[in-house]
Amino acid sequence: MAERGVDMSALPQEVREQLAELDLELSEGDITQKGYEKKRAKVLSPGPSSASAPEPGPSNSSSSSSRHRRTRRPHRSGGTRDERYRSDIHTEAVQAALAKHKEEKMALPMPTKRRSAYVQSPIDNCTPPDSSSSSDDEAVSSESAGPQQSPDTWINSSLHGSSTSSSASSTLSHGDNMCYFVPDPVGGVGPPDVPSQSQARGSRVDLPANAVVRGMSRGQSRSSMMETADGVPVSSRVSTKIQQLLNTLKRPKRPPLSEFFMDDQEEIVEVPQVDPNAPKPEGRQIIPVKGEPLGVVSNWPPALQAALARWGATQGKSPALTALDITGKPLYTLTYGKLWSRSVKLAYTLLNKLGTRNEQILKPGDRVALVYPNSDPGMFWVAFYGCLLAEVIPVPIEVPLSRKDAGSSQVGFLLGSCGVGLALTSEICLKGLPKTPTGEILQFKGWPRLKWVVTDSKYLTKPSKDWQPHIPTANTDTAYIEYKASKEGTVMGVAVSKVATLTHCQALTQACNYCEGETLVNVLDFKKDMGLWHGVLTSVMNRIHTISVPYAVMKACPLSWVQRVHIHKARVALVKCRDLHWAMMAHRDQRDTSLASLRMLIVADGANPWSVSSCDAFLNVFQAHGLKPEVICPCATSPEAMTVAIRRPGVPGAPLPARAILSMTGLSHGVIRVNTEDKNSALTVQDVGHVMPGALMCIVKPDGPPMLCKTDEIGEIVVNSRAGGNMYYGLHGVTKNTFEVIPVNASGTPIGEIPFVRSGLLGFVGPGSLIFVVGKNEGLLMVSGRRHNADDLVATALAVEPVKTVYRGRIAVFSVTVFYDERIVIVAEQRPDASEEDSFQWMSRVLQAIDSIHQVGLYCLALVPANTLPKTPLGGIHISDTKQLFLEGALHPCNILMCPHTCVTNMPKPRQKQPVGVGPASIMVGNLVAGKRIAQAAGRDLGLIEDQDLVRKVNGDLLLAVCTATCVQLHKRAEKIAAALMERSGINIGENVVLLYPPGIDLIAAFYGCLYAGCIPVTVRPPHPQNLSATLPTVRMIIDVSKAACILTTQVLTKILRSKEAATTVNIKTWPIIIDTDDLPRKRPPTIYKPPNAEMIAYLDFSVSTTGMLTGVKISHAAVSALCRSIKLQCELYSSRQITICLDPYCGLGFVLWCLASVYSGHQSILIPPMELESSLTLWLGTLSQYRIRDTFCSYSVMELCTKGLGGQTDMLKARGVNLSCVRSCVVVAEERPRLVLTHSFSKLFKDLGLSMRAVSTAFGSRVNLAICLQGTTGPDPSTVYVDMKSLRHDRVRLVERGAPQSLPLVESGTILPGVRVIIVNPETRGPLGDSHLGEIWVNSPHNATGYYTIYGEENLQADHFNTKLSFGDPQTLWARTGYLGFVKRTELTDSSGDRHDALFVVGSLDETLELRGLRYHPIDIETSVSRAHRSIGESAVFTWTNLLVVVAELCGSEQDALDLVPLVTNVVLEEHHLIVGVVVIVDPGVIPINSRGEKQRMHLRDSFLADQLDPIYVAYNM
């Protein structure tokens, strides 16, 4: 710190601690350098004086811009938008909240989207420069910003400062005033190791990352090498966005270190702590509220049917119902006489005329579905009353429009639970129903089989004169069933008894003061709820004339209901807020309407807290048209409790009821607090009047036992009344919890005997026993113990200007359970003309507004194309279906913003590794005391290695797919090559020679030719002729690193190396000597070289690791002999054997088996180059069958190719005579954890061809030792164990049962080879570990490699990896470090020597592990979870970049699935691995680079991503 010119000792202790904490954050990468310097300056600056300086510019301009916005508001376009949530007060509150956010500049990185057919945004094709944010709170300096801008412009530019295409553009960083120019990758300036996108995955390429050669200690971080990617600065657009993302994520303060770190087995999920300052209810316990007594009127009918019979007989000409056509004009009027006669005809037909003469299909009490459109109320009335008269139970449902209707299967559940077998409908409706090609009505998904009956008059039979319908006095039998959809989408039927129906009509008549002969205009759905209760039932009881205005008319002519009130001088109108808004928007068209006749304007959704603004706005407009303020009567209803409360019409001139202005924070804690301090987060609620006559009501806690609430507490309204639902029909279990609730007091004792019904409404009782409703149970979102109302969030989202991005009425809010808590998701329909930038800006402002006003984080905000969300019958959004589509990944959004960093607050605390105070010796002694053996294992004894000269062996032959060679022929070809090498001047004994051949006999001959000439062969995969720009640089690098004196190759490849195409990629003038070995003269070398000792280098093995390291290891003659003997013993390879090898012959065990083993053991090898399988998939399996092969070796890529390509063709293979019963062992050669799923799938798929389930096993090798394990013929079968993934993250092994949650199956990597010893070591302390403990695998064997072959020749690395010793226990033995984590477990099985078998389990490469939150993650585990998340995800890969987890997923489905994957990937990684994904990248199939061994090259992928060379379909930056 001294170099910064600050005397630390002079600073106060507190400041010193803050500076130390900042230094720690910088070292951990939790803060950028610039942010560090800024915060440091703030800590060191003297406090108040600097802070008090006024902010220039932005604050004034922000107020002017909001003033400007307010003056613009009246000129909004009209139109038929659903503005039920409109509230000017709330809009201003939201603007104020957003203005606060503007002051803290918040630049969200905009997602990158590839332009494609499905994106519906009409943006210009130019790519704007990317404006990255500087540190968190830095304002744009006036110099860089040019003229003073208003905050609008700079928040906009920072919000969409990004391009929508992903071509590499020049990146401008405002904060630094610097320009980086990214070279165009097409011009060939890009890194040499980048595969072009045209390259198919088939042509596997080994790609080293950025010329890194193994010469770097394992502890060193790779970030130092990532400064540039061969000329591509890391500050290209992608990494600028990541930096922007890091700046945006306000990192929480690091928790103080606890004195002792308890390394618990379970990761403790943070339980949301109860806020000590949260408001708590303080009132007394509520007393049940009683409604006025239900009066007894002498002429009230004994049953509803009796009322109809009376009016039909005495007032037959009186109009009962007028229906309107689509233009809003009267279509027909049904009189009470006609209604009565038609209903009687229908009742008679239903009971007597449906079946054959003697059988009666319908009996009283049967349930019947009523399927009528909203435009035909007359038919519905007749059907409903006909059913009542026939004493069958009507179940009104919506008309199904297609097989895929939203919630259609749930309606089927309702019909099934009610036992419905018959459906009544009209002739027109029946014709419109979807049909099968044969003309039958379609069987709808989930529906029971129905018989359809048409109820038009011409099909009904007139009853005989002596037949009269039976009209009993109302009793407790069910009269009708009303459907109700729950929060989860289940549709249930609420059964209403005859007496409840009658009592409810009486209560409504008393509360609304209905009189005989009045006129009522009904805009609501007449099949259920208020539309049915007022418009069909109560109206008939009181001989009211109902005018029914269908939904279709409202859409065409929003003023139609107002005109009907005016024309008919209607006394009562029944509407929703939507209808008030529509009428208000259209009222300019009509001047002469009068609403003076209305005595009641019943607002059916008055229980929605946001209805108050609609009522006020409507009154403002229509007061001039005679509307009286006291006639507006909001009410609260629910299907179960029916009408809960309704405001009675007021006395003219009396003061209107007061409103409650409540604090939203209080509401989220379930208490009532009048809002005083922050008007931004206030909710204004109007009352819904008093309790219904004859009812008793109280408020109980919404969850848990029904305990009475306190007077200042929000709870669920429960009602006891004769006028309510009785049960959910056919669902007795659910019924009890809703219809038979007995409230209890604070001590838990019931307050009485009488049962109450839960209404599902949340509210409280205000002064004067007025009822206030603040939301519904089904719209309740419980996040971290606080309650939020979906409607409130919709209102806030819609108050964010400009709303030109989305449709007002098409917005859904729901919660999904992710990682032990509810997370809020908002889905809206985007307008087709909205640009990407507009949408993204609107989304980010919605986030800020909801965060400010509701103090809750959104998890996901998605915009979908217009008209794609599932609809309810009357045009609303089907929430549960939308949620289902979101969770299934079938929503197909066109824009998405995920914010897991901000809203997931219950993550486990990061693990802090304490310095180990206990030494390795103590751990070892502790293990011994605990009775644990040291984790080590050894193969059987190798015996003496006789000095076998490979070239002396001539009894064996090699068979390739195209040519054969015996050892004699091989020997002669090798001699020709040796002679050519010896003749060339400049090639001396001991020099390195690169062998550049396709897989084949030439490669083997050239290898032995080099040995004969005393040169050291280096096998290199030849460049891909179609992809030289990506593959030739790797060849060049190996040639340079190995300092090769000469290249042996074929004529074709010689031409390629000297071609013009090669010259564009590498410098072809500096190639070493190139010898074409195709047509060499027949010469014998004068002598055949013999190495003076066995420790001389036999060959160099170069390979690119999965982390992108190019590593060459030296293999001595002694190691070659020991390895060949070890394999021969393990696999019992005698000279009579035939084996098939389908591996790449360039490095590792593949090279040993291909070139060395068969010559050593004398058996016959059939060699199949894996690339041949791409043109002939059946080649390998066909060869195994044809030659009756017992032993075969392959790679994972070969196995995957066969599984995917031939998995469905086993019958065809069987027909061609392919039989794999001969295969005794099929060994997969790999340097990774065994892929259990793949090997299992392969075994299962080809079991039909005779493949034994026990045949497939794995081998394991590493750079330091090419073959450590190989499943032989004599050892026990490989064992499988299940380990706890949470423990693995803590570097521990905990064995669990199969099927345990978070369990990971691991299979043994094969039997340890003869002569090999392994031990498990703690990589940090280098002390040995106990049995079943996770540590690094160290190996000691005669065939260990001798060391790395590097340019630098770093001795310390050599000693560290190849000649290292234990810090305790056996300090003499020299071990080689494999770099892989694993454990040894002693099993119950016995090996060939009769001892108990020690199994080695490989967990993963140490270099590849991701250190996140103090835990160690293996990429393969996260990738497995990601690949399971959605059927369209093919391959996936993960890596980290500056503490952010990046997930790349290949999309196999259509591009419209791309954005669906973002939430699913984020969810699954959070749920299963407790990690938050920072960036999700969706790419085309084949983009993730995979090497020849089938291993993903994640570091190479990372470099390509950061250099912006992936051409992704979509990149989402999670907030």
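Quick caveat, the model's predicted, so the values are computed rather than measured. FYI, side chains are in, hydrogens and waters are out, and symmetry mates aren't considered; it's all heavy atoms of this structure.
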Chemist: Say whether, by atom type as modelled, one donor and one acceptor occur between the side chain of Gln510 and the main chain of Gly295 under 3.5 angstrom.
Modeler: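 Checking the backbone N and O of Gly295 against the side chain of Gln510, a donor-acceptor pair under 3.5 Å is found.
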Chemist: Is there a donor-acceptor pair under 3.5 Å between the side chain of Ser638 and the backbone N or O of Ser759?
Modeler: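 Such a contact is found between Ser638 side chain and Ser759 backbone.
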Chemist: List the steps, then state whether side-chain contact (heavy atoms from CB on, under 4.5 Å) holds for Leu574 with Met530.
Modeler: CA-CA 8 Å; Leu574 206 56; Met530 300 280 284; 4.3 Å; yes
Chemist: Taking it one step at a time, do Glu482 and Lys527 satisfy salt bridge (Lys or Arg N to Asp or Glu O under 4.0 Å)?
Modeler: CA-CA 8 Å; Glu482 181 174 321; Lys527 293 194 280 295; over 6 Å; no
Chemist: We want to know whether Glu488 and Ser880 form a side-chain donor-acceptor pair, criterion being a heavy-atom distance below 3.5 angstrom.
Modeler: no
Chemist: Are a donor atom and an acceptor atom from the side chains of Asp529 and Thr637 found within less than 3.5 Å of each other?
Modeler: yes
Chemist: For the pair Thr817 (side chain) and Asp821 (backbone), establish whether a donor and an acceptor sit closer than 3.5 Å, ignoring hydrogens and angles.
Modeler: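 No, Thr817 side chain to Asp821 backbone: no donor-acceptor pair under 3.5 Å.
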Chemist: In the structure I gave you, are the side-chain heavy atoms of Phe756 and Glu740 within less than 4.5 Å of one another anywhere?
Modeler: no
Chemist: Is it the case that more than 12 heavy atoms not belonging to Lys280 sit under 6.0 Å from its NZ atom?
Modeler: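 Enclosed: over 12 neighbouring heavy atoms sit under 6.0 Å from NZ of Lys280.
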Chemist: Report yes if the side chains of Lys498 and Thr476 come closer than 4.5 Å at any heavy-atom pair, otherwise no.
Modeler: no
Chemist: Salt bridge or not for Asp712 and Lys710, using N-O below 4.0 Å?
Modeler: no
Chemist: Less than 4.0 angstrom from a charged side-chain N to a carboxylate O is my criterion; do Glu292 and Arg648 meet it?
Modeler: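 Looking at Arg648 together with Glu292, the answer is yes, because their closest N to O distance falls below 4.0 Å.
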Chemist: Are the aromatic rings of Phe739 and Tyr728 close, with centres under 6.0 Å apart?
Modeler: yes
Chemist: Does this structure show an ion pair linking Asp616 with Arg659, if we count only N-O contacts that are shorter than 4.0 Å?
Modeler: yes
Chemist: I'd like to know if the side chain of Asp851 and the backbone of Gln855 have a donor-acceptor N/O pair within less than 3.5 Å.
Modeler: no
Chemist: Taking Arg647 for its side chain and Asp687 for its backbone only, find out whether a donor-acceptor pair lies under 3.5 Å.
Modeler: yes
Chemist: Would you say the side-chain atoms of Arg786 pair up with the backbone N or O of His669, donor to acceptor, closer than 3.5 Å?
Modeler: no
Chemist: If we only count heavy atoms from C-beta on, is the Ile771 to Phe764 side-chain gap below 4.5 Å?
Modeler: no
Chemist: Do Asn1467 and Tyr859 make a side-chain contact, defined as non-hydrogen atoms from C-beta onward lying under 4.5 Å apart?
Modeler: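 They are in side-chain contact.
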Chemist: Tell me yes or no: between the side chains of Gln686 and Ser611, is some donor less than 3.5 Å from an acceptor?
Modeler: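 The criterion, which ignores hydrogens and geometry beyond distance, is satisfied for Ser611 and Gln686.
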Chemist: Can you find a pair of side-chain heavy atoms, one from Val856 and one from Ile824, that are under 4.5 Å apart?
Modeler: yes
Chemist: Please walk me through it: do Val825 and Ser815 pass side-chain contact (heavy atoms from CB on, under 4.5 Å)?
Modeler: CA-CA 6 Å; Val825 178; Ser815 63; over 6 Å; no
Chemist: Considering only heavy atoms from C-beta outward, does the side chain of Leu662 approach that of Phe772 to under 4.5 Å?
Modeler: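 Contact flag for Leu662/Phe772 side chains = no.
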Chemist: Under 4.0 Å between a Lys/Arg side-chain N and an Asp/Glu carboxylate O for Arg758 and Glu716?
Modeler: yes
Chemist: Between Arg823 (side chain only) and Val818 (backbone N and O only), is there a donor and an acceptor less than 3.5 Å apart?
Modeler: yes
Chemist: Is there a donor-acceptor pair under 3.5 Å between the side chain of Ser769 and the backbone N or O of Val765?
Modeler: no
Chemist: Can you find a heavy atom in the side chain of Met541 that is under 4.5 Å from one in the side chain of Thr509?
Modeler: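 Yes. Closest side-chain heavy atoms under 4.5 Å.
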Chemist: What heavy-atom pair brings Ala849 and Leu98 nearest, and what distance separates the two atoms?
Modeler: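 It is N-CD2, 3.9 Å.
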Chemist: Would you say that Met692 contacts Leu508 through its side chain, given a criterion of any heavy-atom pair below 4.5 Å between the two side chains?
Modeler: yes
Chemist: Please check if any side-chain donor atom of His504 sits under 3.5 Å from a side-chain acceptor atom of Thr643, or the reverse.
Modeler: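 The answer is yes; a qualifying pair exists.
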Chemist: Hydrogens and angles aside, do His854 and Ser668 bring a side-chain donor and acceptor to less than 3.5 Å of each other?
Modeler: no
Chemist: Check whether His690 reaches the backbone of Lys290 with its side chain - one donor and one acceptor, N or O, closer than 3.5 Å.
Modeler: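 Side chain of His690 to backbone of Lys290, a donor-acceptor pair under 3.5 Å: no, none is there.
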Chemist: Could I get the full list of side chain to side chain contact (heavy atoms under 4.5 Å, CB included) partners for Pro629, not counting sequence neighbours?
Modeler: Leu619, Gln623, Leu656
Chemist: Give me the ring orientation class for Phe886 and Phe814: parallel if the planes are under 30° apart, tilted from 30 to 60°, perpendicular past 60°.
Modeler: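 Taking Phe814 first and then Phe886, their aromatic rings stand perpendicular (interplane angle over 60°).
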Chemist: Determine yes or no for a side-chain-to-main-chain donor-acceptor pair under 3.5 angstrom, with Glu640 supplying the side chain and Thr738 the backbone.
Modeler: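 Such a contact is absent between Glu640 side chain and Thr738 backbone.
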Chemist: Do we see a donor-acceptor contact under 3.5 Å between the side chains of Asn726 and Thr478?
Modeler: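 Side-chain D/A pair, Asn726 to Thr478: absent.
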